Trainee: 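Structure in structure tokens, see below.
Basis for what follows: all heavy atoms, side chains included, without hydrogens, waters or symmetry-related copies. In this text, all values refer to a predicted model and were calculated from it rather than measured experimentally.
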Amino acid sequence: MTDAVLMPERVRRIDVSVPVFVLLALGLGVLVILPLFWLVWYSVHEDAGGFTLGNFVQLVTDDTMLRAYGIAIAMAAGVGVLSCLLATPLAWLVARTDLPGRRAIRALVTASFVTPPFLGAIAWELLAAPNSGIINVLYRTLFGLPRSDSLFNIYTFPGLVFVIGCFTYPFVFTLVANAFDRVPGDLEDASAILGGRAATTLWRVTLPLVLPSMLAGTLIAVLQALTMFGSPAILALPAGFHVITTKIWSLFQFPPQLGLAAAAAMPLLVITVLLLRGQKAILGRRGYTVLGGKSGAPRVVALGAWRWPAFAFALFVLCLTVIFPYLALLKTALVPNAGDALTPSTITLSHFHFVLFDFSATRLALYNTFVLGFLSATTVAVVAMIVAYIATRKLVRGAGILGMLATAPVAIPGIVLGVGLFLSYANPTFQLYGTIWILLIAFVTIELPAGYQQISSAFHGVHPELEEASRILGASRLKTLWLITSPMLRTSVVAAWCFVFVGTIRELSATILLTTANTKLVSVIIYDLNESGDMGAICVLGLILLVVSFLVVFAVNRMPVLGGGGSVSTTRG
């Protein structure tokens, strides 16, 4: 009896909450603050170490830098508009109408999240390159035109906007479709009772309620486009122009201009923070809280004679964003040359044999990619769970600081983080450049906000009384987290792990600045092969990435731990 009474007191005396909080705060502070510190330091210091504003002066007086920023901003704005125009009607059709196959359409849209944008750009190279693109070849063949004629040229500014929009519109689609799902049906019923037609109700009642989600999703699309490296590098550089991300990358080529690269990254960081604050302000609007009311299920609009034209529109969008790109990759992987027709006599597995058995870089790249994916996903899941536990339960004073540090990297674009990490860890003090550890630090930093937000949301759904009962019975906080809370959060933890794994193997913006010959990943190998023009090998590697990503998502969704009803979100932002 005495032992039973004293045990809780002994457990309280060895509570490790404060030491764990301090260690996590220091670790997260290093992850977030150190790269930003060196970014600022290099931007205002000369190579000799003296203070200077020369890098910023060069930034605002160099026409090539200003042009790169101007093109990037114009591109991002165009992508935002295009993404909204594609996503909003498709989201309404899927969420609020009797469109045939709307569940399958919704699932296929999410496939765009799994598709790395740089791989989508390569697929559209295969489809719409002016000379060898499949669409242009078919166009010339059908109309008997000379080789100099082309229907589409993907190596243009509109081509770049179009391709990036094809793989960023799901960000808008997800937010808007979820908003349409939450529009209270009673409001629309009231409009119908008062004589409003379906179009009037949609225009004057439904759309104003989902407008914050449309604007927030558009800002996310703008942010994704502005900070993207892969697609602009593949399509803009052959066209003869830079965006700011490719310009920053070019400053690392010989001879490197590290100070100017750091200075060029600073405005991009500021713009990202402003866009994220704008998104938060939009979603925090008072009118947005109307969504999610329990005042009636959403009304389903009968399309009638417009049913099949609407289906044709949805199919058209899916063809542009999923079906055509995937078929182009598969076709190119199965024929000897990218321009060959796919016939029974031209089908070959030579590219698969080359990539899997002859190409020396494949095995190391696959090993590095999947090992880093596993380590990053596991590290993020564990750290995010502990941070969310301390922050949501307020175990120590100032616990909210951990949540702020865990979500802070979302405001750091990948290319900016890559610059900061290079400047931080390539110096003689750490000497991590050229090792797998600098990539692990980069991936954990990039993916931690998403993992933390997902697990933190799940913590709010677990009542603390169960944990309090465990503590009363003598369990430590760590044991309570392991035996009581973790099993209840396993669905969210596994989903977050899957999300981080998929995000890691498709990352290129930061990776391109941090890899060497011994630490290259599949994404970097694909980019290198694109410069050499080996499209068959690129498509095989791209298909491997896609298959692995879809298998991971499918396997996690089918795990018994999810009870058959869970789903893994692959959305970002």
Trainee: Please, which pairs that meet salt bridge (charged side-chain N to carboxylate O under 4.0 Å, His left out) have at least one residue in residues 318-329, sequence neighbours excluded?
Mentor: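 Applying salt bridge (charged side-chain N to carboxylate O under 4.0 Å, His left out) to every pair that reaches into residues 318-329, excluding sequence neighbours, yields nothing.
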
Trainee: Are L175 and I220 close enough that some pair of their side-chain heavy atoms sits under 4.5 Å apart?
Mentor: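 They are in contact (side-chain heavy atoms under 4.5 Å apart), so the answer is yes.
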
Trainee: Tell me whether N368 contacts the main-chain N or O of L521 through its side chain, where contact means a donor paired with an acceptor under 3.5 Å.
Mentor: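 Between the backbone of L521 and the side chain of N368 there is no qualifying donor-acceptor contact (under 3.5 Å).
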
Trainee: Can the ring centroids of Y139 and F152 be said to lie less than 6.0 angstrom from one another?
Mentor: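 They do not qualify: ring centres at least 6.0 Å apart.
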
Trainee: Compare every heavy atom of T504 with every heavy atom of S376, then report the nearest pair and how far apart it is.
Mentor: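 Shortest heavy-atom separation between S376 and T504 comes out as CB-OG1, 3.8 Å.
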
Trainee: So which atom in A225 and which in I164 form the shortest heavy-atom distance, rounded to 0.1 Å?
Mentor: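 Looking at all heavy atoms of both residues, the closest pair is CB-CG2, 3.9 Å.
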
Trainee: Tell me, which pairs form a salt bridge (charged side-chain N to carboxylate O under 4.0 Å, His left out) where one or both residues lie in residues 527-538, sequence neighbours left out?
Mentor: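 Of all non-adjacent pairs touching residues 527-538, those that pass salt bridge (charged side-chain N to carboxylate O under 4.0 Å, His left out) are K520-D528.
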
Trainee: Which residues pass the salt bridge (Lys or Arg N to Asp or Glu O under 4.0 Å) test with D340, sequence neighbours left out?
Mentor: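 None.
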
Trainee: For Y326, enumerate each residue passing the side chain to side chain donor-acceptor pair (under 3.5 Å) test, keeping only those at least two apart in sequence or located in another chain.
Mentor: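 Listed in chain order: T115.
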
Trainee: Taking side-chain contact (heavy atoms from CB on, under 4.5 Å) as the test, write out the residues that go with S250, two or more places apart.
Mentor: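 Checked S250 against side-chain contact (heavy atoms from CB on, under 4.5 Å); matches are H242, K247.
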
Trainee: Just by modelled atom types, is the S456 backbone N or O under 3.5 Å from a matching donor or acceptor in the Q453 side chain?
Mentor: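 Looks like no, no N/O pair under 3.5 Å.
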
Trainee: So which pairs with a foot in residues 420-429 pass salt bridge (charged side-chain N to carboxylate O under 4.0 Å, His left out), sequence neighbours left out?
Mentor: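 Listed by first then second residue: nothing to list.
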
Trainee: Main chain of L329, side chain of T332: is a donor-acceptor contact present, judged purely on distance under 3.5 Å?
Mentor: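 No; judged by distance alone, with no hydrogens or angles, the pair does not exist.
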
Trainee: To the nearest 0.5 Å, what is the distance between CE (M75) and CG (L235)?
Mentor: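 Reported value, rounded in 0.5 Å steps: 10.5 Å.
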
Trainee: Where is the tightest heavy-atom contact between A328 and A123, given as atom of each residue plus distance?
Mentor: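 Heavy-atom minimum between the residues: CB-O, 4.0 Å.
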
Trainee: If you apply the rule ring-ring contact (aromatic ring centres under 6.0 Å, His included), what do you find for F324 with W124, and how did you get there?
Mentor: CA-CA 9 Å; F324 286 171; W124 272 102; 7.2 Å; no

Trainee: Taking all heavy atoms of I455 and all of A384, pick out the closest pair and write down the distance.
Mentor: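 Heavy atoms of I455 and A384 come nearest at CD1-CB, 3.9 Å.
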
Trainee: Are F374 and F501 an aromatic pair by the rule of ring centers under 6.0 Å?
Mentor: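 No - the distance between ring centres of F374 and F501 does not fall below the 6.0 Å cut-off.
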
Trainee: Measuring only between side-chain heavy atoms, which start at C-beta, is P116 closer than 4.5 Å to L546?
Mentor: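 P116 vs L546: side chains touch.
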
Trainee: L151 and I135: which non-hydrogen atoms are nearest, and at how many Å?
Mentor: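 Looking at all heavy atoms of both residues, the closest pair is CD2-CG2, 4.3 Å.
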
Trainee: Is S231 reaching over with its side chain to a backbone N or O of A121, donor-acceptor style, under 3.5 angstrom?
Mentor: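 Flag not set: sc S231 to bb A121 has no pair under 3.5 Å.
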
Trainee: Can you tell me how the ring of F173 sits relative to the ring of Y169, calling it parallel under 30°, perpendicular over 60° and tilted otherwise?
Mentor: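 Taking Y169 first and then F173, their aromatic rings stand perpendicular (interplane angle over 60°).
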
Trainee: Give me the atom names and distance for the closest heavy-atom approach of A177 to A95.
Mentor: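 Smallest interatomic distance, heavy atoms only, reads O-CB, 3.9 Å.
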
Trainee: Report the residues that fulfil salt bridge (Lys or Arg N to Asp or Glu O under 4.0 Å) with R106, sequence neighbours left out, ordered by chain and then residue number.
Mentor: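 Result, salt bridge (Lys or Arg N to Asp or Glu O under 4.0 Å) vs R106: D181.
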
Trainee: Is it true that a side-chain atom of T156 and a backbone atom of N153 form a donor plus acceptor pair closer than 3.5 Å?
Mentor: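 Yes.
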
Trainee: With a 3.5 Å distance limit and no angle check, can you tell me whether T519 reaches the backbone of G434 through a side-chain donor-acceptor pair?
Mentor: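 It does not hold such a pair.
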
Trainee: Q257 side chain to G259 main-chain N or O, any donor-acceptor pair under 3.5 Å?
Mentor: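 Not at all, since once roles are kept as given, no pair shorter than 3.5 Å links the two residues.
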
Trainee: Does the N178 side chain pair with the main chain of T174, one donor and one acceptor, at a distance under 3.5 Å?
Mentor: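 At least one qualifying donor-acceptor pair exists.
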
Trainee: Can you find a heavy atom in the side chain of I154 that is under 4.5 Å from one in the side chain of L127?
Mentor: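 With C-beta onward as the side chain, the pair stays apart.
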
Trainee: Any side-chain heavy atom of I544 sitting closer than 4.5 Å to one from L366?
Mentor: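 Yes. Closest side-chain heavy atoms under 4.5 Å.
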
Trainee: Applying side chain to side chain donor-acceptor pair (under 3.5 Å), name anything that partners S132, two or more places apart in sequence or on another chain.
Mentor: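 So S132 forms no side chain to side chain donor-acceptor pair (under 3.5 Å) with any residue.
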
Trainee: Is the F241 ring parallel, tilted or perpendicular to the F157 ring (thresholds 30°, 60°)?
Mentor: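 Rings of F241 and F157: tilted, 30 to 60°.
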
Trainee: For R307, does the CZ atom sit with more than 12 other heavy atoms under 6.0 Å from it, leaving out its own atoms?
Mentor: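 Check passes, neighbour count above 12.
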
Trainee: I'd like to check the side-chain contact (heavy atoms from CB on, under 4.5 Å) partners of F430; sequence neighbours left out, ordered by chain and number.
Mentor: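 F430: side-chain contact (heavy atoms from CB on, under 4.5 Å) contacts with L34, Y425, N427, L432.
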
Trainee: Does anything in residues 342-362 form a side-chain hydrogen bond (donor to acceptor under 3.5 Å, both in side chains)? List the pairs, not counting sequence neighbours.
Mentor: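 Sorted pair list: T343-S345, T343-T346, T348-S350, H353-D358.
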
Trainee: Would you say the side-chain atoms of K331 pair up with the backbone N or O of A338, donor to acceptor, closer than 3.5 Å?
Mentor: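 The answer is yes, because a donor-acceptor pair under 3.5 Å joins these two groups.
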
Trainee: Would you confirm whether S532, through its side chain, and L529, through its main-chain N or O, come within 3.5 Å as a donor-acceptor pair?
Mentor: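 Present.
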
Trainee: Show every ring pair (Phe, Tyr, Trp, His ring centres under 6.0 Å) that has at least one partner inside residues 217-240, sequence neighbours left out.
Mentor: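 Residue pairs with at least one partner in residues 217-240: F229-W249, F229-Y527.
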
Trainee: According to side-chain hydrogen bond (donor to acceptor under 3.5 Å, both in side chains), does anything in residues 69-86 pair up with another residue at least two apart or in another chain? List the pairs.
Mentor: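 side-chain hydrogen bond (donor to acceptor under 3.5 Å, both in side chains) check on residues 69-86 returns S83-T168.
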
